[in-house]
Amino acid sequence: MQNQYTTKGHHLTLKERQLIEKWKNEVFSNRKIAGLLGKAPQTIHNEIKRGLVTQQVRKGKFEEVYKADYAQIQYLKNRERCVKDISLDKETYQAICHYARQKYSPDKKTANRKRASLNSPAFGKSIEERPFEIDQRTRFGDFEIDTVLEQREKAPCLLTLTDRKTRYEIIRLLPSKTAQAVNEALLEIQKDYSILSITADNGREFARLHEVFDREHIYYAHPYASWERGSNENHNRLIRRWFPKGTRNITHQDVRFIENWINHYPRKMFDYSSPADLLING
């Protein structure tokens, strides 16, 4: 009987790569791994070949072993190169290259951008009341907050917090996009991080932040004014490159991987130090 493999275009996920690493350590054959994952044996062969790294197993003895994290990075690099050629004028091309090197999207024209609604009610203090030191990014602990991915309230989503000074990112996987889920995660985060202020949008999931954080230090951006939380929005776009719209079954390990990647990525604005470097060095 002919083996049933997954259809073309279904790429291996980080979780599947982690299973491959586990099974190779247990000395499973490539064909057996292919059967367990429902993939063609050649797919597993090619994947392992791309993900090999040289590792010292004992003094003077080195072996090539498959590593899931390395394979995932190689896969993402290859995906970035798999784009169709487009015709661009020189100025636009140079701008895109500049921002792509920083993993940020180029700025768009703002002529048609919606104006902030100044009269719409918020759940607390307006961003206009935010103190000077927060606006000037003078200290660590002033965070912008948002949720990413699923739009349905009862579906899992990501809670993201971005420090305004260092751009250090905190990401947590929530079981649902609700105020209760946000508050429970925020309570846990505060055990590990000193949060001095929070700037949020007017989503219902942030309506009860005052239950777990000092109301005096919560500020709400104007409706339809995502640029008022620009650092957080930039990071959300980076996250969507890894987890596009429609992504399902994200694990806590996936979240830790992308959080670590963002925090250790060198930034031109910091003379190529990373957010993690700035956090450690003050």
Side-chain angles (χ1 to χ4, degrees), residues 104-153 157-172 174 176-240 259 262 267 269-270 275 278-279:
Y104 285 99
S105 299
D107 293 332
K108 304 301 187 290
K109 295 182 179 179
T110 58
N112 296 323
R113 187 170 65 183
K114 294 181 179 179
R115 297 182 60 187
S117 176
L118 302 181
N119 298 320
S120 297
F123 301 118
K125 285 185 174 182
S126 168
I127 194 173
E128 296 173 4
E129 302 177 67
R130 207 166 59 178
F132 176 82
E133 60 265 25
I134 300 178
D135 290 338
Q136 295 301 308
R137 305 176 187 266
T138 61
R139 62 188 186 183
F140 177 84
D142 297 310
F143 283 87
E144 300 171 3
I145 192 170
D146 198 10
T147 52
V148 190
L149 298 182
E150 281 285 2
Q151 298 300 314
R152 292 176 295 136
E153 184 174 322
C157 69
L158 300 181
L159 177 70
T160 65
L161 294 93
T162 309
D163 176 59
R164 284 178 54 77
K165 178 182 179 181
T166 65
R167 276 49 167 203
Y168 190 86
E169 185 82 350
I170 301 170
I171 311 174
R172 295 294 182 267
L174 303 184
S176 62
K177 187 179 177 181
T178 62
Q180 181 67 25
V182 168
N183 284 1
E184 289 176 0
L186 191 55
L187 280 173
E188 291 299 313
I189 289 170
Q190 289 181 89
K191 294 177 182 179
D192 298 319
Y193 297 94
S194 175
I195 299 180
L196 304 178
S197 72
I198 295 175
T199 300
D201 63 23
N202 286 277
R204 289 187 300 173
E205 67 271 29
F206 301 127
R208 292 162 44 196
L209 289 176
H210 62 274
E211 295 178 3
V212 295
F213 192 78
D214 187 352
R215 186 191 298 269
E216 289 299 308
H217 303 294
I218 303 172
Y219 304 93
Y220 289 92
H222 298 111
Y224 310 109
S226 59
W227 63 89
E228 293 181 339
R229 297 175 299 97
S231 297
N232 188 242
E233 284 295 321
N234 281 334
H235 279 190
N236 289 348
R237 283 193 284 270
L238 286 180
I239 292 170
R240 291 187 187 99
E259 180 187 77
I262 289 175
R267 310 297 175 92
M269 68 179 75
F270 299 138
L278 296 181
L279 182 64

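Numbers here simply count residues along the sequence, with the first being 1.
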- Query: Do you know which of Asn232, Asn234, Asp146 makes side chain to side chain donor-acceptor pair (under 3.5 Å) with Thr162?
  - Reply: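 The passing option is Asn232.
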- Backbone of Ser126 reached by a side-chain donor or acceptor of Glu129 within 3.5 Å: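 Confirmed, Glu129 side chain pairs with Ser126 backbone.
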Are side-chain heavy atoms of [X] and [Y] found at a separation under 4.5 Å?
{"X": "Arg204", "Y": "Lys177", "answer": "no"}
{"X": "Leu278", "Y": "Asp163", "answer": "no"}
{"X": "Tyr219", "Y": "Pro131", "answer": "yes"}
{"X": "Val212", "Y": "Val182", "answer": "no"}
{"X": "Thr147", "Y": "Thr160", "answer": "no"}
{"X": "Arg172", "Y": "Glu188", "answer": "no"}

- Got a second to check how far Glu144's CD is from Asp201's CG, nearest 0.5 Å?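 Spacing of CD (Glu144) from CG (Asp201) equals 11.0 Å.
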- Query: Roughly how far, to the nearest 0.5 Å, is CZ of Phe213 from CG of Leu196?
  - Reply: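 One gets 7.0 Å once the value is rounded to the nearest 0.5 Å.
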- Task: Compare every heavy atom of Arg229 with every heavy atom of Thr199, then report the nearest pair and how far apart it is.
- Result: O-CD, 3.8 Å
- Item | Salt bridge flag under 4.0 Å for residues Asp142 and Arg164 | no
- Please name all residues satisfying side chain to side chain contact (heavy atoms under 4.5 Å, CB included) with Arg240, sequence neighbours left out, ordered by chain then number.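 Once residues adjacent in sequence are excluded, the partners of Arg240 under the side chain to side chain contact (heavy atoms under 4.5 Å, CB included) criterion are Val148, Asn236, Arg237.
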- Phe123 and Tyr220 aromatic ring geometry - parallel, tilted or perpendicular at 30°/60° bounds: perpendicular
